[in-house]
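The next block holds one structure in the form of structure tokens; read it before the comments.
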Amino acid sequence: MIATRQLLSLFALLPLIAFGAPATLQKDMSFTAARKLLLKEKWKPINIHAHDNYALMGVEHELAKMNIKEFDSCSIDYSNCVLRYKRGDACLSVFTIGEKVKYMKVVHWTEECPEPQPPAMPSSAK
């Protein structure tokens, strides 16, 4: 009887689990393949720097040229990037490593949401 209840509870939670982080992501998957799957699964890129004067560094230049604007930040020393996505109320942060987009690999991901950005200050107020 207890096993039946536990099984029913698990089935009730499956839709909630399925809505969270994508099951298709795999460690060491190429970023371009991972991004294609995320977009197919209706994850929306979050353009963290849409309203600020963020100075691009390293691989961020290449990402921006490819119209990939969901990067939060990329380091120069280890070529790590954090990319952000949202689907409904769920968030996804994807961590990659690689000096060029074609070499970027997924190393980790979390359900972490980005910190809210302060509104941009009008240029007349600066």
Side-chain angles (χ1 to χ4, degrees):
M1 185 69 156
I2 293 174
T4 304
R5 284 187 199 156
Q6 289 173 335
L7 190 58
L8 289 174
S9 297
L10 177 62
F11 284 129
L13 290 174
L14 278 177
L16 297 174
I17 295 168
F19 187 74
T24 54
L25 280 183
Q26 297 176 15
K27 188 171 188 216
D28 296 324
M29 171 184 266
S30 79
F31 165 67
T32 54
R35 184 176 193 267
K36 187 181 285 188
L37 286 171
L38 291 174
L39 296 175
K40 184 178 179 182
E41 290 183 356
K42 309 292 188 232
W43 286 95
K44 304 289 184 212
I46 301 172
N47 187 346
I48 299 291
H49 302 292
H51 304 290
D52 63 19
N53 294 321
Y54 182 77
L56 300 178
M57 295 187 294
V59 74
E60 294 170 347
H61 288 285
E62 188 180 355
L63 290 165
K65 283 181 186 175
M66 297 174 72
N67 203 31
I68 299 172
K69 307 238 173 129
E70 59 261 39
F71 57 86
D72 189 332
S73 63
C74 296
S75 67
I76 294 176
D77 50 354
Y78 293 107
S79 301
N80 294 315
C81 289
V82 180
L83 302 110
R84 309 287 189 159
Y85 301 88
K86 191 165 182 83
R87 182 172 68 184
D89 290 335
C91 294
L92 181 66
S93 294
V94 177
F95 300 82
T96 64
I97 190 165
E99 294 181 17
K100 297 251 181 224
V101 172
K102 66 182 179 180
Y103 301 126
M104 287 171 61
K105 302 277 184 202
V106 173
V107 293
H108 184 67
W109 58 92
T110 68
E111 295 178 9
E112 177 184 351
C113 289
E115 293 292 320
Q117 300 297 310
M121 185 181 299
S123 55
S124 61
K126 292 180 183 177

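Not one N or O on the side chain of R35 forms a donor-acceptor pair closer than 3.5 Å with the backbone of I68.
Using a 4.5 Å heavy-atom threshold, the side chains of F31 and V59 count as separate. Counting heavy atoms from C-beta on, the side chains of L39 and P45 come closer than 4.5 Å. Side-chain contact between M29 and L37: present, with at least one pair of heavy atoms (C-beta onward) separated by less than 4.5 Å. With contacts defined as side-chain heavy-atom distances shorter than 4.5 Å, the pair K86/C91 qualifies.
Criterion: ILVMFWY side-chain heavy atoms under 4.5 Å apart, direct or through other members. Under it, L25 and Y103 are not part of a common hydrophobic cluster. When hydrophobic clusters are built by joining Ile, Leu, Val, Met, Phe, Trp and Tyr residues whose side-chain heavy atoms come closer than 4.5 Å, directly or via intermediates, L92 is not grouped with V82. V101 and F95 are members of different hydrophobic clusters when ILVMFWY side chains are connected at heavy-atom separations under 4.5 Å.
Taking CD1 from I46 and OG from S93, the interatomic distance works out to 7.5 Å, rounded to the nearest 0.5 Å. Of the inter-residue distances, the one linking N47 atom CG with D72 atom CG reads 10.5 Å to the nearest 0.5 angstrom. In this structure, CZ on F71 lies 10.0 Å from CE on M104, to the nearest 0.5 angstrom. The CG atom of L38 lies 12.0 Å from the NZ atom of K44; values are rounded to the nearest 0.5 Å. Distance check: T32 OG1 to K102 NZ gives 11.0 Å after rounding to the nearest 0.5 Å.
The shortest heavy-atom contact between A64 and K69 is O-CE, 4.1 Å. Here the closest heavy-atom approach between residue E60 and residue M57 is recorded as OE1-N, 2.7 Å. When every heavy atom of A34 is checked against every heavy atom of V106, the shortest pair comes out as CB-CG2, 3.7 Å.
Residues passing the side-chain contact (heavy atoms from CB on, under 4.5 Å) test with K36, sequence neighbours excluded: none. A search for side-chain contact (heavy atoms from CB on, under 4.5 Å) contacts involving I97 returns N80, V107, not counting sequence neighbours. Residues that satisfy the salt bridge (Lys or Arg N to Asp or Glu O under 4.0 Å) test with E62, not counting sequence neighbours, are absent from this structure. Here H61 pairs with L56 under the side-chain contact (heavy atoms from CB on, under 4.5 Å) rule; sequence neighbours left out. Every residue two or more places apart in sequence or in another chain that forms a side-chain contact (heavy atoms from CB on, under 4.5 Å) with K105 is listed here: S30.
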Next item on the list: Show your reasoning for whether side-chain contact (heavy atoms from CB on, under 4.5 Å) applies to R84 and E112.
Entry: CA-CA 9 Å; R84 309 287 189 159; E112 177 184 351; 3.9 Å; yes

Note to self: Show, in sequence, the C-alpha distance, side-chain angles and deciding distance for K40 and T24, and conclude whether the side-chain contact (heavy atoms from CB on, under 4.5 Å) test is met.
What the structure shows: CA-CA 11 Å; K40 184 178 179 182; T24 54; over 6 Å; no

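Ring geometry, H49 versus Y54: the interplanar angle falls under 30°, so the pair is classed parallel (tilted spans 30 to 60°).
For residues 39-77, every residue pair satisfying the disulfide bond (SG atoms under 2.5 Å apart) rule, not counting sequence neighbours, is listed here: C74-C81.
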